[in-house]
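Below is one structure, written out as structure tokens; comments come after it.
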There are 2 protein chains.
Amino acid sequence: MNKSSPTIREVAARAGVGVATVSRALNRSGYVKPDTLTRILKAARDLNYVPNRTAQAMVRGTTRTIGVITPDLESSIIMGMVKGINRVAYQHGYMLTIMESEGSSEWERAIAQTMRGMRIDGLLLFATPGTPTVVREMQSAGIPLVVLDRLVEGLGVPQVAADHYAGACVATNLLIDQTGEAPAFIAGPRDVWSAEARLKGYQEALKANGFDYDPSRVIPGEFGFDEGFHATKALLTRYPQIHGIFAANDLSGLGSMKALEEEGIRCPNDVKVVGFDDILPARLSNPPLTTLHQPAKGIGETAMTLLLGLIEGDDCQLGPFLLPAELIRRKSC
Amino acid sequence: MNKSSPTIREVAARAGVGVATVSRALNRSGYVKPDTLTRILKAARDLNYVPNRTAQAMVRGTTRTIGVITPDLESSIIMGMVKGINRVAYQHGYMLTIMESEGSSEWERAIAQTMRGMRIDGLLLFATPGTPTVVREMQSAGIPLVVLDRLVEGLGVPQVAADHYAGACVATNLLIDQTGEAPAFIAGPRDVWSAEARLKGYQEALKANGFDYDPSRVIPGEFGFDEGFHATKALLTRYPQIHGIFAANDLSGLGSMKALEEEGIRCPNDVKVVGFDDILPARLSNPPLTTLHQPAKGIGETAMTLLLGLIEGDDCQLGPFLLPAELIRRKSC
DNA sequence: TTGTAAGCGTTATCAA
DNA sequence: TTGATAACGCTTACAA
């Protein structure tokens, strides 16, 4: 039973002027006698008046709202990107409507349509398997959009992500420098773009350092703690003399360190480990995990900035824009 | 340059009917000849028509949107609550507009006003120091709202939070059971409600077990890893024989375990540690940290359910509603 | 410098 | 069973 808010008409009545004058006064558009202005402002404040944005949206044809479809509200990396988005959006007078798809392609589509109904001015989409469909639909609906977090081939819209490939090269090089040998790699899921990019970076760094790529040193870790643990156990039986492990993400790297500890192998003394992502547990582990920091805020800021360009009709740079991951040196390496 | 979406008028034209009929057909309200219905549905699909929700909001006087003001998008506990909110909201056909205040009272107020302008149907507010002001403003504006995550005295609106007090009792009892002595307590910030509730629970459990409350066993930890570390170092110099430590949150508990390890004290053999929150690092530490799980999803779901009641005009139960924290037994205790 | 009135895209009332 | 038409609250010509 929402006590209905005052309308511009009531403000006008109270200030003894017409509605157009109130509108002009409140928006500081067009002429208003200073005297009248103060009277209107006072009336508005007295009534605790706030313009109805849905009405404004109708006539202005814009909501100054950006839709964000995220696969997981609880992921701190993803939400770090949303934070970056939010900052830039706020600076430019835009609001965010954030919705969670839980990674489901169907939901993603449904949400995108809902947002279209809300007349969002632009859409920020975290790439998932369902992304190409949504992109096509939104493009044909004329909604400006930018895809982030992962790269997808031939999408025809700007894309922003971390440079997982280059980051993996850095990590691998570091391990090679410190051990003088080719490190093992605990790989992520084969069907995840970032995991593949990290694998490619590992391979490339190996080659650049004159090592042959040995697939038997690559163990599937599925980006999980337990998987990283078991991968390392398996690795150690096959290569008891290994000195360097590059884990495709922090979680599997942490699992790896646990396996090492259980085997009585000291880290970093005997085996050095490097992870990827820079999640909180990596900072708290013992030893703290050396890792590559995902530039989450920067990705969000870049994506939002690009979207702003699109909305304002700049001709669009597709990128892809890859932001470097920063090496965070800690004790595990 | 948003290619403008088709309107109901265009659908009507294409289907050869009036707009009222299209509206009735699409909303399944009122009579529409089956034949006409299919024709309209087809026309709508052909045009890729989606009703303009801002227009709907104008005439319906409701947006079916709930505003959520969160202090921190990156906090997985908070966002867990938002996830719970989202679930219930979705089931009832509501959408969320999530905005971040970064804990600033001013922003919180500004955001609440913005949301009022958007004509949200209800507001979910994570309690912060600025909350009482916002609550007053929104109440006088007639916006249904529910406060969550922390309890604030005399707010006059429903409140939902975890039962930190009871959880702390459980933790303390567990440590007493296992060590036969009064544990130390690494306290959180004095001005944070949940930290105080946990302290009270600790004190209460002590008393219930016949121990005197000894303030010198309570060390400030400020909810931080490093603070927990230093607190434990200090504690150990004062009480080298301590056998149980209850940390007010996981972060300080993890810091505590690190201090123990550095001192060559084994956990759980020599000293047992219990934390609070159940954040990811607690599961990954060595040993994994026994802790109390914050029922984040449940808090969100409860808050949203209460809000729904308010919106539908039920007479409102203020609560406060305290959801039990669940003991997660791991190896540190 | 101000006010009147025409939309914006829906829904809902009321006649037909 | 359907279609004009009057709202909803605002902005913006256009007139005064």
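Residue numbers begin at 1 in each chain, while the letters A, B, ... track the order of the sequences. Note: hydrogens, waters and symmetry copies are ignored here, and every other heavy atom, side chains too, is used.
Checking each of B:Val157, B:Ile85, B:Leu310 against B:Val146 for a side chain to side chain contact (heavy atoms under 4.5 Å, CB included) leaves exactly one that passes, namely B:Leu310.
With hydrogens and angles ignored, the 3.5 Å screen pairs no side-chain donor or acceptor of B:Arg14 with any backbone N or O of B:Ala43. For the pair B:Gln159 (side chain) and B:Val152 (backbone), a donor-acceptor distance under 3.5 Å is present.
Crowding of A:Arg109 atom CZ: a count of heavy atoms from other residues, nucleotides or ligands under 6.0 Å not exceeding 12.
Nearest-nucleotide assignment on DNA chain D puts the 5′-proximal partner with B:Tyr31, out of B:Tyr31 and B:Met58.
Taking each heavy atom of B:Leu96 and B:Ala89 in turn, the nearest pair found is CD1-CB, 3.6 Å.
A:Thr54 comes within 4.0 angstrom of nothing in the nucleic acid, heavy atoms only.
A donor-acceptor pair shorter than 3.5 Å cannot be found between the side chains of B:Arg136 and B:Gln139.
Distances shorter than 4.0 Å separate none of the side-chain N or O atoms of B:Thr36 from OP1 or OP2 on D:dT1.
To the nearest angstrom, P of C:dG9 lies 16 Å from CG of B:Leu26.
For A:Val17, whose side chain is taken as the heavy atoms from C-beta onward, the closest listed nucleotide among C:dG3, D:dT2, C:dT2 is C:dG3.
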Using atom names, set out every protein N or O paired with an N or O of nucleotides 10-12 of chain D below 3.5 Å, distance rounded to 0.1 Å.
residue	atom	partner	partner atom	Å
D:dC10	OP1	A:Tyr49	OH	2.5
D:dC10	OP1	A:Asn52	N	3.2
D:dC10	OP2	A:Ile8	N	2.3
D:dT11	OP1	A:Asn27	ND2	3.1
D:dT11	OP1	A:Gln56	NE2	2.9
D:dT11	OP2	A:Ser23	OG	2.8

